[in-house]
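A quick write-up on the structure given underneath.
Heavy-atom basis, side chains included; hydrogens, waters and symmetry copies ignored. Below, chain A is the first sequence line, B the second, and so on; all start at residue 1. Here the structure is a predicted model, which is why all the values come from computation and not from measurement.
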Amino acid sequence: MKKMMNKHTIITIIVLILLYGSVQASILLETINPFYQLNLILICINIILAVSLNLINGFTGQFSIGHAGFMAIGAYTSAIMTVKLGQSFPLAILAGAVAAAIVGFLIGLPTLRLKGDYLAIATLGFGEIIKVLFVNFEYVGGASGFHGIPHITTWTWVFFIALFTVVFIRNFIDSSHGRACISIREDEIAAETMGINTTKYKVMAFTIGAFFAGTAGALFAHYFYILQPSNFGFLRSVDYLVMVVLGGLGSITGSILAAIALTILNAALQSVAELRMVIYSLLLIVIMIFRPQGLMGNKEFSLKMFKRLGRGEKHGSVGNR
Amino acid sequence: MALLAIGNLNMAFGGLNALTNFNLELNSGELVGLIGPNGAGKTTVFNILTGVYAPTAGTIIFNDENITGLKPYIITQRGIARTFQNIRLFSNLSVLDNVRIAYHPNVKYGVASAVTRIPSFHIEEDALTQKAIDFLKIFSLEDKMYEIAKNLPYGQQRRLEIARALATQPKLLLLDEPAAGMNPQETHDLMNLIKWIRSQFNLTILLIEHDMSLVMGACERMYVLDYGIVIAHGNPTEIKANPRVIEAYLGEEVPNAKNQ
Amino acid sequence: MEHMQIFFQQLINGISLGSIYALIALGYTMVYGIIKLINFAHGDIYMVGAYVGFFAITKLNMSFIPALVASMLFCALLGIVIERMAYKPLRNATRIAALITAIGVSLFLEYGGILIVSPQPRAFPDVFPMSKLTFFDGKVYMTNQQIVIFLVAIILMILLQYIVHRTKIGKAMRAVSYDQDAALLMGINVNTTISATFAIGSALAGAAGVLVGIYYTSISPLMGIIPGLKAFVAAVLGGIGSIPGAAVGGLLMGVIEAMVSGYWSSTLRDAVAFGILILILIIKPTGIFGKNIREKV
Amino acid sequence: MKLNKKIAFLLVLVLLTTIAAGCGGTKTEAPKEVLIGANFELSGNVATFGISIMNAMEMAITEINAQGGVLGLPLKMVKSDNKSDAAESTNVATKLITQDKVIALLGPVTSTNVLAAAPVAMQYKIPLLTPTGTAAKVTVGDDGKTKEYIFRNCFIDPFQGQVGANFAVNTLKAKTAALFIEKNSDYAKGLGEVFKANFTKLGGTIVSEEAFVTEDKDFRATLTKINATKPDVIYVPSYYEQDGLIAKQARELGYTNPILGADGWDSGKLLEIAGAVALQKVYFTNHYSAFSTDPKVSKFVNDYKTKFGSVPDALAALGYDSTYMIADAIKRAGAADPAKITAALATTKGFVGVTGTVTMDDKHNPIKSAVILSFDKDGNQIFVESVNP
Amino acid sequence: MLKINDINVYYGAIHAIKGISLEVKEGEIITLIGANGAGKSTILKTISGLLRSKTGDILFNNKSLHSMAAQDIVRSGICHIPEGRRIFANMSVLENLELGCFLQKDKAAIKKNMEHVFEKFPRLKERISQSAGTLSGGEQQMLAIGRGMMSRPKLMLLDEPSMGLAPLLVKEIFSIIKEINEAGTTILLVEQNANMALSIANYAYVLETGKIVLKGPTAELAESEDLKKAYLGG
C-alpha cells in the first residue's frame, strides 16, 4: 500500500479533486457555458471508449473496428432498463455494460481466432449486424429511434466513470494479466510458449473492452434523449479507432489526449460543415504518413518527458513499464 | 527412466513428409544435440514437441504423461520451454517484463485483485518482480532491466530469450540455434552458459545448432537428421567419423574432384 | 408456375446487381493480392467513376462507350495518384496504419466530392431507350440496362483475364503478388506493377460506377459506401486475392441479396450479407477460391 | 507505475475548463444583428435535404435583409452541422443556444433529429421551428401536452396519410394496396401507418407490406415480390431519390397500376431519375405546386431557379417559408426576446407563404391545405385536386 | 568482372556480413561454401539488390551496384537464382520462363533463348503448360535455372541448387551448371554441398559466421583438413 501513496499519487488525487470540484462548482453556479459542459461530458465518454478500445487494439493487438456496436448494446440495454422497466440509473448502466460484455464474449470467442485484417473485417461485420438488428427491433423504436430517454447523465457520473475506466484499465495492464495481453500483441506464439492461454486473454480483453464500451453507451443514451441505430454505424467505430491510433496504440494517456483533441476539433469544426470531414480526412492521412505509430507511440505521457526533452535527452524508455 | 520419449513421429505438410518415423529419447539431465542440414526437419521436431503443430502420427511421452497434441501453453505448464531460431522476444517490452510474463502461469491473484490493488496483489507482484530481478542477475542482465528488449545487442537478446524460457521453470529446455548470428567469443560464452544452467537448474536440454564447435563441445549425445529421417546418433566423436553424416553435410565424395 | 417466374425474376435482378459487385470486388481483390491492403477508398473510386461518366455524357455529350472509357481512364489515374501519395509511404508501416489511411482517403473522396459536386443526387441521363426482353409470357423481364450491365461486366472480365494472363504487365502483377522478392530478381519494377494494379482495379470500379449510373439513374457522393463494403464481402466470399473468386463472389452476393429481399425482408439483407462474411471468415477464411497460407514458426 | 502522466492530462483538462469558464462570461454589448440558429443535416446520410433547405433559407435571409431585416437589424443565420445524427443535433442545439446566443432555432430536418434537439430548446426556453419534422410527437409530448417552444411548418403525418388514403379509395377506386416503407425514416413510417389505418377503415385491403432502408438503390427484388400480390395501388411515402428509383424499377418490372406518394416526391430531380414514362399514374400529396400561377410562388420558383439552377422542391419551399415565418414572428414580437417570439409563433394566423396560408393550431401544427399532384406525358407536374383540412 | 569491397550487411541487429571482399573473374565458377547461417545467401542478396550493404561497395564491370534499383541490376546482366527456387508456383512453366526475360523486348531473341533452355532441359518442354507448383523438386530447380538463363545473364548467382534434391539429380544439375558456364556465363555458386561445389568450381571462399575463413583454388581446398573443420567443428 505504501507504494501507492507516493508523492505523485497524492498530487494526482489533489488535481483530480480540484478538477472535478471546479467543474462541478461552475456547473452549480452556472458560470460554465453549457456547450462546454456538454463537450466536457462528451470528452469523458469518448475517453472511456478510446481507452477501452485501446485495451483491445493497442495492448492486446487484436484489430477490432466494431466498438460502436458494443456501445449501442450498452446504450439500448440501459435505456430499456430506465424507460421500459423503470429501473434506477446505476442499475441501468451496469446492465448495459454487462450486456455489452456478454455480447463481446460471445462474438470474441469464435472471431478472435482470426488475425489482422480478417479480424477487423469480422468485427466491422458484427458492428453492422448489431446496427441492423436494432433497426428491425420495434420494441426500441426500430430505425426511427428510441425516444423519451431521461436526461440523467451528469458531469459527476461521467467524470467518475471515466476515472474508474482509466484506473481499471491501467491497473489491469500493469498486472500480470495485463502483461499476458501485451505479450499476445508482441508475439502470440512466444506468448503461448510462456504458458499463456492466449485465447483466454484475447477474449478477456475483448470482453472488458466491450464492458466499458457498453458503459459509455449507457452514459451516452442518458445524455442525448434519443437513440438511433444509425448513430452506431461504421463511422462511429472509426472515430474511436482513430482516437486510439492517433494517440498511439498501447498508450492510455495517448488515447485520452486524442479523445480530448478530437472532441474539441469536432466541436470547433461544426460551423464549417462542408469542410469538416475533408479536414478530418486529410488530417488522418497526413498523420498516418508522417507518424504511423500515433502521437505517443506506445509511450505514456508524463511530465518527465518534458524534463528530459528540456535536457535534450532521448526519451527511449520513458514510462514504458 | 526417460524424461522424454518420442515414438515413431510422423509429420506431413501437404504431400511432403517432413518427419518420418522419428524416435528420440532423453534422460533426465542430459544435454543432447539435434543436428542436420537445412530443411532436415529439426525445427519441426521442436514445433511438434511444443504443440505448435499436431503430428500426423506418433506419440510424445513427457514425464510419464502423453502430451501429444496438447495446446502449447499447457505443454509449457507441464515443463517444456523453448527458444526460437529467429528470436521471438516481446520486443517492445522491457527486459524485466519479458521475464515477468514467463512467471504468469504461477500468478495466483485474479483480475479483480489486480484492478482493486488490494494488499495481496502488491505482495505477490513485488515477490514476482523480485524473483524476475534475481533471475536477471544470474544472466547478468539486471542493469538492463528497464531497457526495451529490441534495443539490446544481439547476444544479449539471445541470452534474454534463454532466461525467459528458464523463468517458466521447465524440466526440459529446447534451444533452437542459440548461437546463430553470434561471434566466436559469444558462442564460447554461450556454450559455458548452457552447461552451467543445466547443472544449476537441473535441466535436460535438447539443442538444435549449426555451429558444430558448440554442439561438439557441449553435447554428450547427438541425433543427426536428414530429410526427416534420423541418419545417425551417438557421441560427438562417433558422429564426426560417421560417413553418412559427412555425406549429409559435405555432400557425396566426388572422386574426380581433383581432376578439375 | 408463378413461383418459378418470381424466382427467375429475382435471379435476373440478383445477377445484374451481382455483376456490379463483381466489378468492384475485382479491384479489391487485386489490390489486396498485391499489397495486402483493404483499400477502403475503392468504393469511392466507383463513385468518382459514376460522376465522370455523368459529366462526360451530360457536359461533353459523349455516348455510352466513350463515356465508359473516359471514366475508366480517369479512375485509373486517380487510383495511381492515391497509391503513390497515400499508400506508398506506408508500405512498410503497420497494417492498422495503412487501413486508417485508406479510411482517410475514403472520407476525403466522399466529402471532397460533396464539396465539388454538392450532395444532391444527380440523375443519370437515359443512354439507352427503355425496352426489355420478356420470358414466360411476359411475366419475367430483363431490361436493356440489365443486358448492357451484364454484357459490359462480362467483356471487362474477359479483358481482365486476358490482361492478367496474356500480357506482360499482367504476368508481372501475378508475379509480384505471389513473391515480391522473386519478382524483383526477374527485373520486374515492383512499384510500377503496383501502380498498374491500382490503375486496372480502379478502372473496373470506374466502369461499375458508370453502369450503376445507367442502372439506377441516381448518383450521389456517398453512393460508394455500401456497395464498397458489399463488394469487399464478395471478394472475401470468393477468396480474397483470387480474381475468379471475386467474380463469382460478386455474382453470388448479388443473387443472395435478391433472394433475401425477395423471400424474406430487405431490411435484413445487410445483416445476412455480413453474417455470411463472418461465417466464411470463421469456417473458411480463404473463401471459395483462396489458398491456405501457414504462418512460419 | 508513475501516476504523473495522469497529472499532466488533468492539467490539460483544467486548462480547458478554465477556458470554458472564461468564455462562458456574458457579453453585454448592444446587438448588431438578430441571430437565428440553423441546426441542419449538412453531412451524413440526409445531408441532401439539409443542404437543400439551407439554400432556400439563405435565399430567404438575403431577401429579408434586403427589405430592411427585422427590428431594424439584419437577420443573421448561424449554421451548424448535426451530421444527420441525433446526438449531434442535441450537441448543435446546445452550442447554438448557449455559445452563439441565438434567439430562435430552425431545423433539424428529420423528426428524429428534431426530437433530439427539442429538449434543449425546451430547457433554455428558445423557440424551435422545424420546417419538415412531420411526426406527431415532435410538438406534443408523451403526456399529450403541447411542447411550449416547439413548432413546425408542415403537415403532420396523420393528415397527409389520411388525404392519401381517401384519394386512393375515392378517386383511384383502389380496393387493394401495397405499402413500401422506408424503414429508417420516421416520416415514411408515420405516413404508412396512417395510410394503412385509413385505407382499411374505408374498406380497402393491404395486400403487402414491405420495407427498405435509405441507402438502398436496388428495389427490384422487393418490387418483384410486391408485384406478385397485384395491388391496385402502391403507397410509397418517401423522398424523391428512392421514390424515383422505385417508380422506375416498378414500371420496368411490369407494374402498371397507380403509385401514390407524399410530399417527399416533390423534386425537380424526380423526373430525371424516374423518367416521364415511369411517372405516369403517379400521384402524391403536397404542400404546394411549383407550377402554380400564384405570383408569390412563381417569383420564388424563378428566383430559386436563377440561383441554384433547379426547381425548388417541397423541402426548399418549406425552409423558405419557415424563415419568413420566424422573421414575421420576430417582427410581431417587437423584440429579440425568445419568450415573445414563442408567443408570436403560437399565434401565427393567416401567414401567407409559398406553401399556402398558415394558421398555427394549439398543437403548434400549421393548418393549411394540401394538394394532390400528378404528371403529364412529359413528366411535368399537374394539379389534380386540392384538399382542405 | 564482379568485385566486392569490404561490405558489411545487417539484418536488424544481426551483423550478418562482416567486412567481406571477394572477386569473380569472367568465365569462372566461383563458389561460396560454408555451414548454414554463415552468410552465403546474404552476399548473393546484396549483389542482386534485395539487401543493401551498410558500408563497402560492389562493382560489376566497374559500375557500382550499390544504389542501383534491383531491375537495373538485372538489366546490367546479373541473374540471381534464389535459394528454395522461388518459382511462381501459381503460373505455368511457360509463364515462368517468360518472366525470366521480363526485360527482353525482342520477341525473336526470347524465342531463341527459350529453345536454348528447352535444349538443356527437355523435361521442361514436356511440361510447358503445366502449373509450376505441380512439378517435382528437381524439375522446379531446373525451371529456376532455366528461368535464370532466359535473361542471357553475364553473371549467374546460384543459391543452393542442390537443396532437397536426390543425389542423382544433384549430379545432373551440377553438370548442367558446368555446361552453362562453358557456354560463356560466369557463375557465383553458393552451396552447402561442399564436395560437389568444389568439384566444378575454379576458386572457392569458405565462410564462417559472416567472415571468409578460407579461400583458394578448389583443388587445394578439397585436400585441406581445415575445410572439414569449418563444417564439423574443431
For chain A, which of [options] has the most heavy-atom pairs under 4.5 Å?
options                                : value
C:Ile280, C:Leu268, C:Leu109, C:Val272 : C:Leu268
C:Thr94, C:Leu37, C:Val105             : C:Val105
C:Val236, C:Val233, C:Thr101, C:Ile100 : C:Ile100

Chain C heavy atoms under 4.5 Å from [X]: which part of the residue, side chain, backbone, both or neither?
X        : answer
A:Phe234 : side chain
A:Ile279 : neither
A:Tyr118 : both
A:Leu283 : neither
A:Val135 : neither
A:Leu114 : side chain

Heavy-atom contact with chain A under 4.5 Å, split by part of [X]:
X        : result
C:Tyr87  : neither
C:Leu229 : side chain
C:Ala86  : both
C:Ile282 : both
C:Ile96  : both

Mark yes when over 12 heavy atoms from residues, nucleotides or ligands other than [X] sit less than 6.0 Å from its [atom1]; otherwise mark no.
X        : atom1 : result
C:Phe74  : CZ    : no
C:Phe55  : CZ    : yes
A:Tyr139 : OH    : yes

Could you measure the distance from the [atom1] atom of [X] to the [atom2] atom of [Y]? Nearest 0.5 Å is fine.
X        : Y        : atom1 : atom2 : result
A:Leu241 : C:Ile103 : CG    : CD1   : 6.0 Å
C:Leu115 : A:Met277 : CG    : CE    : 11.5 Å
C:Leu277 : A:Ile129 : CG    : CD1   : 8.0 Å
C:Leu281 : A:Leu119 : CG    : CG    : 9.0 Å
A:Ile107 : C:Ile278 : CD1   : CD1   : 7.5 Å

**Prompt:** Looking at A:Ile121, A:Val238, A:Thr111, which one has more heavy-atom pairs under 4.5 Å with chain C than the rest?
**Reply:**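 Of the candidates given, the most pairs with chain C belong to A:Ile121.
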
**Item:** Between A:Leu282, A:Asn57, A:Ile287, the one whose heavy-atom pairs under 4.5 Å with chain C are most numerous
**Value:**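 Max contact count across the listed options: A:Leu282.
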
Side chains of [X] and [Y] in contact at under 4.5 Å (non-hydrogen atoms):
X        : Y        : answer
A:Leu275 : C:Tyr111 : no
C:Leu107 : A:Leu235 : yes
C:Phe108 : A:Leu284 : no
A:Pro292 : C:Leu90  : yes

**Item:** Heavy-atom closest contact (A:Ile289 atom, C:Pro89 atom, distance)
**Value:**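 Result for this residue pair: CG2-CB, 3.7 Å.
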
**Request:** For C:Ala271 and A:Val132, work out which heavy atoms get closest and say how close.
**Result:**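 So the two residues come closest at CB-CG1, 3.7 Å.
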
**Pairs touching residues 228-237 of chain C that satisfy salt bridge (charged side-chain N to carboxylate O under 4.0 Å, His left out), sequence neighbours left out** =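 For residues 228-237 of chain C, and leaving out neighbouring residues, the salt bridge (charged side-chain N to carboxylate O under 4.0 Å, His left out) pairs sorted by first residue read C:Lys230-C:Glu257, C:Lys230-C:Asp270.
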
